[in-house]
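Single-structure report; data block below.
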Amino acid sequence: MELSKAYAHGEIEAKWYRYWDELGAFRPSDGAERSFSMVIPPPNVTGSLHMGHALNNTLQDILCRYKRMDGYSVLWVPGTDHAGIATQNVVERQLAQEGISRAQLGREKFIARVWQWKEEAGNTILNQLKALGVSCDWRHERFTMDEGLSRAVREAFVRLWEDGLLYRAERLVNWCPRCKTALADIEVVHEETDGHLWHIRYPFVDDPSGGLTVATTRPETMLGDTAVAVHPDDERYKNAVGKRVRLPIVGRELPVIGDVYVDPAFGTGALKITPGHDFNDFEIGQKYGLEKICIFDDEAKIRPAAFAIEGREPAWLARYRLKDRFEARKLVVDELKANGLLEKVEPYRLALGRCYRCQTPVEPYLTPQWFVKIQPLAAPAIEVVRDGRVRIVPEGWANSYFAWMENIKDWCISRQIWWGHQIPAWYCADCNAGHAIKTGTGDLILDKDAKPIVARAEPTRCPVCGGEKFIRDPDVLDTWFSSGLWPFSTLGWPERTEDLKRFYPTSVLVTGFDILFFWVARMIMMGLKFMGDVPFRDVYIHALVRDQEGQKMSKSKGNVIDPLEIMGKYGADAFRFTLAAMAAMGRDIKLAEERIDGYQNFVNKLWNAARFVLMNLTIRNIDGKETSERPGHEELNVADRWILSRLAATVGSVREAIDSYRFNEYAHYLYQFTWHEFCDWHIEMSKLALNGGDENERRRTERVLATVLENILLLLHPVMPFVTEEIWRALNDKLGRKEAGLTLMLQKYPRVEAAYRRPEVEEKIGYLMEITRAVRNLRAEMNCAPSKEVKVILFASADNRAFLRSQERYLRALARVGSVDYLSDGERPKGAATAIVGETEVYVPLGDMIDLEEEKIRLDRELGRAEEDLARVKRKLGNGDFVAKAKEAVVRREKEKAAEFEEKIRTLKLSLGRIREIEQTGDKA
RNA sequence: GGUCGCAUAGCUCAGUUGGUUAGAGCGCGCGCCUCACAUGCGCGAGGUCGUAGGUUCAACUCCUACUGCGACCACCA
């Protein structure tokens with residue numbers, strides 16, 4: 001099989017993916033003693049692949065493929081999330097385009113419609129993940145609303161109820177008037193917003209000319225005020241406490257209460273109390289037994305019923321009824337202004353809470369909801385992170401985790417939407433006859449006093465009255481409730497399955513920090529509660545992918561880079577490698593397309609290195625019996641020993657990097673080794689053996705080339721699975737290896753071959769490389785044509801001289817050197833460019849070509865640097881404290897440096913002297 | 001308001017226990033179609049490591065303050 005001149009990812013990727021899948025390579029192996037498991041952070045079922053998914057899944061795939069090759073039985077569970085509110089919103093928007101509302105359709109038909117959409121769109125993202133190359137076990141694919149997971153959800157809910165960790169109560173909750181549902185605290189995003197502080201006077205009942213002036217950012221809520229509060233020690237309001245004020249517009253009488261909660265320094269020092277629409281006011285309302293008036297309906301429009309007295313609406317209400325919050329605000333402000341009660345308006349910055357799904361400002365809203373008593377769950381979840389049973393990497397995130405968990409409040413888990421897990425609670429129709437209220441959409445709402453029966457299935461008989469008619473709670477659960485069970489629900493819980501035994505706790509969870517609280521924290525709590533063990537050992541938290549300016553990618557900004565487009569253009573391997581290379585811990589990734597373009601070159605480089613090796617291989621069957629006795633290390637030439645030593649070092653570094661989630665280091669070690677050690681040096685040096693005429697050496701070098709190439713493929717496979725597989729198959733083909741195995745994916749990951757580590761060889765080749773560079777440098781500086789061979793004169797220690805003599809062919813080939821002469825003490829060439837490598841002096845006599853002025857400038861510059869270096873070292877050594885206190889090795893090293901620099905200076909000065917001499921005599925010979 | 005993080009070459013970033021001649025990729029400059037690769041090869045220029053102090057024989061690295069940027073959390077109307 002011939003490889004084409006440039007790597008074309010085109011069909012290769014799909015070909016291999018299908019191959020692996022059909023081979024069953026994604027499934028956990030039997031037999032392996034160690035297992036490694038992960039659950040995918042389930043993407044929204046109707047979503048499509050974005051950069052965040054691409055990064056997240058690339059990193060997971062690297063881990064899985066690495067562990068699989070390293071002998072673990074690997075299970076990576078894929079799946080999708082039903083994403084309650086998000087998905088419902090999408091489908092509602094679709095309906096809206098058809099001019100249908102969800103209410104018109106009705107609950108059942110609406111849900112059917114969502115399922116239909118799920119069937120249409122649900123596979124998109126998973127297929128896109130396949131294009132990325134993820135090695136998930138597709139037989140394990142799950143959906144948070146499939147049968148098994150739904151059962152897990154019901155089970156979890158019932159157990160929480162039975163254990164007293166669930167309750168239903170009327171509380172002030174965050175309400176999204178657009179989604180018309182309650183939200184958890186964490187689903188509200190606070191955003192600094194420009195607003196106003198309105199100062200409104202509430203006249204005293206007994207003296208309407210006086211009164212208290214309150215300051216508020218939300219004047220429309222005054223319609224629901226039930227008190228005014230001041231600080232009890234506030235001199236200004238000493239005699240106001242206990243009096244009554246009349247609420248403007250509404251006319252209601254309000255008590256003036258004194259409470260230390262009020263900050264006298266803020267605003268006017270007088271605070272309007274609206275227990276129905278403000279969390280703080282709610283608390284105060286509780287404390288003083290104030291009435292909680294809910295002035296809005298579920299769309300945050302003025303609710304006439306809130307003001308009707310004995311069924312009759314007061315006259316003032318006419319202009320307000322059914323107006324939304326913001327219209328109402330305007331109207332209230334206008335009316336107050338007209339009445340001379342608006343005393344002042346000042347600009348004010350406030351943190352406005354918005355719905356995380358639709359950005360609508362959230363309204364504190366009084367409704368009955370289901371809550372999880374979170375304290376008993378949070379405490380052990382904090383503990384396991386503290387004692388390291390769950391390790392958060394990078395550990396900085398643990399701080400955020402603790403901060404959040406320690407201040408956590410009860411979790412509102414009921415949502416007034418239709419798409420999701422309907423709460424497994426029923427109400428006896430007879431017992432709750434007075435508590436079920438029909439809404440406009442035909443839904444029933446159970447009021448706060450309704451008595452739920454929580455059960456795994458619909459009850460048949462009411463234990464109180466024996467009634468047989470039940471109403472199911474219409475609410476569904478927070479999406480994150482089911483995601484919280486994901487690590488064990490996907491493995492079969494509540495059944496005690498083999499998978500659970502084998503793969504729970506999972507090994508590591510890879511995710512972005514944006515869902516640390518939404519998801520990670522919940523999984524830890526739920527895992528501990530229901531499994532009695534942590535859901536994962538490690539949590540690796542990766543960064544966000546941003547655009548090249550560091551802006552968050554978003555459709556509205558138009559700065560989104562589409563992973564699919566990128567993969568189509570550059571290939572999945574180049575893309576994956578880019579993401580890994582840029583995934584430095586704890587730092588966001590600023591991605592520009594040029595980076596991917598750059599790493600595509602690396603893929604191509606690897607491809608061409610492979611082409612070189614393949615076209616030079618004449619040996620066959622290097623792994624078969626005949627050749628399993630590899631050549632003794634000592635028989636190999638120095639270049640081969642060197643690259644094997646470097647390979648061994650690289651294997652060590654690579655393993656360490658992946659083991660500690662340093663994906664960028666993993667990528668960079670391999671980039672460096674493949675390109676700058678293997679290609680730049682070893683392949684070049686190997687050409688001498690391949691063309692040298694010594695048949696034995698040639699065969700040995702071929703074997704080394706094949707070995708190194710194969711190891712590179714193995715090492716790179718987790719990050720670039722496709723091209724490595726493609727090359728590996730070609731390599732097997734070329735070697736005639738039938739027994740090599742079916743796929744690179746299931747080969748053993750390289751281990752460090754300690755016997756190959758040869759520091760002394762690395763040192764020698766390092767020296768040879770430096771000499772080579774020095775000669776190349778001199779050539780370039782002197783503008784010596786690359787095609788022209790030069791003569792080199794070396795002055796080196798006996799050791800180095802012997803080494804260079806024995807390996808002279810490399811120097812000749814790599815630096816285009818015609819002849820090499822070795823000087824003994826005393827003699828130095830007259831007209832030559834000079835370079836110094838350690839103790840070695842390198843001279844390139846360039847005859848007529850040498851520009852004496854240029855060379856003098858160059859030498860002067862070198863000399864200047866050397867003198868600076870020497871001065872710095874001398875300064876250190878001259879410091880008595882340094883010599884006395886620093887470690888001996890450090891001092892010794894400094895002394896060596898001093899000697900080296902002195903020698904260098906001496907040599908440079910001599911060279912300069914010789915040039916001046918030539919200038920005077922004109923004799924260049 | 002609280003907490004945390006980040007400031008290193010023109011750009012994007014590495015730099016794991018304090019001691020290196022502070023690195024890479026891209027970009028830039030010069031020279032090359034050298035028989036794996038011009039998606040390439042060789043060479044080179046470019047940084048007082050945000051500012052000011054402190055600890056230490058020694059600070060890019062540790063501490064403090066400041067400045068700038070960012071993130072998360074937060075019910076002060």
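Below, read A as the first sequence line, B as the second, and so on, with proteins coming before strands; counting in each chain starts at 1.
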- prompt: Which part of the nucleic acid does F678(A) contact within heavy-atom distance under 4.0 Å: base, sugar-phosphate only, or nothing?
  reply: nothing
field: Quiz item: E684(A) side-chain donor-acceptor pair to A36(B) base, under 3.5 Å
entry: yes
message: Does G25(B) have its OP1 or OP2 closer than 4.0 Å to a side-chain nitrogen or oxygen of K605(A)?
response: no
message: Any base atoms under 4.0 Å from R865(A), or only sugar-phosphate, or nothing? Heavy atoms, all strands.
response: sugar-phosphate
message: Using a heavy-atom cut-off of 4.0 Å across all strands, would you classify Y261(A) as base, sugar-phosphate, or nothing?
response: base
task: Please check if the side chain of T216(A) supplies one atom and the backbone of R218(A) the other of a donor-acceptor pair under 3.5 Å.
output: yes
- prompt: Any idea how F518(A) and Y356(A) line up, ring-wise: parallel (<30°), tilted (30 to 60°), or perpendicular (>60°)?
  reply: parallel
message: Suppose you measure atom C1' in A7(B) against the same atom in G50(B); what distance do you get, rounded to whole Å?
response: 6 Å
- line: In whole angstroms, the gap separating P of A77(B) from CG of N280(A) amounts to 8 Å
Phosphate OP1/OP2 of G19(B): any K885(A) side-chain N/O under 4.0 Å: no
task: Taking only the side-chain nitrogens and oxygens of H668(A), find out if one of them lies under 4.0 Å from OP1 or OP2 of G15(B).
output: no
- prompt: Should T834(A) and E862(A) count as side-chain neighbours, where that means a heavy-atom distance under 4.5 Å?
  reply: no
query: Over how many whole Å does the gap from E665(A) atom CD to U16(B) atom P extend?
result: 9 Å
- request: Pick base, sugar-phosphate or nothing for D597(A), based on heavy-atom distances below 4.0 Å to the nucleic acid.
  value: nothing
message: Once rounded to the nearest 0.5 Å, what's the spacing between atom CD1 of I284(A) and atom CG of L271(A)?
response: 5.5 Å
query: Base, sugar-phosphate, or nothing: which does F612(A) touch, judged by heavy atoms less than 4.0 Å apart?
result: base
statement: note: H199(A), atom NE2; A77(B), atom P; distance rounded to Å ~ 13 Å
message: Is it the case that U34(B) (base atoms only) and R816(A) (side chain only) share a donor and an acceptor within less than 3.5 Å, ignoring hydrogens and angles?
response: no
- prompt: So what does K687(A) hit on the nucleic acid, given a heavy-atom distance under 4.0 Å: a base, only sugar-phosphate, or nothing?
  reply: base
message: Under 4.0 Å, counting only non-hydrogen atoms across every strand here, what does I683(A) touch: a base, just sugar-phosphate, or nothing?
response: base
statement: note: D881(A), atom CG; A58(B), atom P; distance rounded to Å ~ 7 Å
query: Can you tell me how far P of C13(B) sits from CG of L579(A), to the nearest Å?
result: 15 Å
task: Rounded to the nearest angstrom, tell me the gap between atom OH in Y7(A) and atom C1' in C37(B).
output: 16 Å
Side-chain heavy-atom pair E346(A), H199(A) within 4.5 angstrom cut-off: yes
Stepwise side-chain contact (heavy atoms from CB on, under 4.5 Å) check, D225(A) with Y202(A): CA-CA 11 Å; D225(A) 283 2; Y202(A) 290 6; 2.5 Å; yes
- request: Tell me whether the centres of the aromatic rings in Y599(A) and Y570(A) are closer together than 6.0 Å.
  value: no
message: Students often get this wrong, so: under 4.0 angstrom with heavy atoms, is R773(A) touching a base, only sugar-phosphate, or nothing?
response: sugar-phosphate
query: OP1 or OP2 of A77(B) less than 4.0 angstrom from a side-chain nitrogen or oxygen of Y348(A), does that happen here?
result: yes
- prompt: Is there a side-chain polar atom (N or O) of K5(A) under 4.0 Å from OP1 or OP2 of A38(B)?
  reply: yes
field: A58(B) - base-pair partner by Watson-Crick or wobble geometry, distances under 3.5 Å
entry: none
field: Sugar-phosphate, base or nothing in reach of A886(A), heavy atoms under 4.0 Å
entry: base
message: More than 12 heavy atoms of other residues, nucleotides or ligands under 6.0 Å from NZ of K874(A): yes or no?
response: no
query: Distance check: side-chain N/O of W675(A) vs OP1/OP2 of C41(B), anything under 4.0 Å?
result: yes
query: OP1, OP2 of A74(B) versus side-chain N and O of K409(A): anything below 4.0 Å?
result: no
message: Taking only side-chain N and O atoms of H676(A), does any of them lie within less than 4.0 angstrom of OP1 or OP2 on G25(B)?
response: yes
- prompt: So, is N783(A) close to the C30(B) phosphate, meaning a side-chain N or O under 4.0 Å from OP1 or OP2?
  reply: no
query: Any idea which of A77(B), U39(B), G25(B) is nearest the Y671(A) side chain?
result: G25(B)
query: So what does D263(A) touch, heavy atoms closer than 4.0 Å: a base, only the sugar-phosphate, or nothing?
result: base
statement: Whole-Å distance, I836(A) CD1 to U21(B) C1', equals 15 Å
query: Expressed in whole Å, how much space separates the P atoms belonging to A52(B) and U16(B)?
result: 24 Å
- prompt: Taking only side-chain nitrogens and oxygens of N777(A), does any of them come within less than 4.0 Å of OP1 or OP2 of G44(B)?
  reply: yes
query: What does S400(A) touch in the nucleic acid at a heavy-atom separation under 4.0 angstrom: a base, only the sugar-phosphate, or nothing?
result: nothing
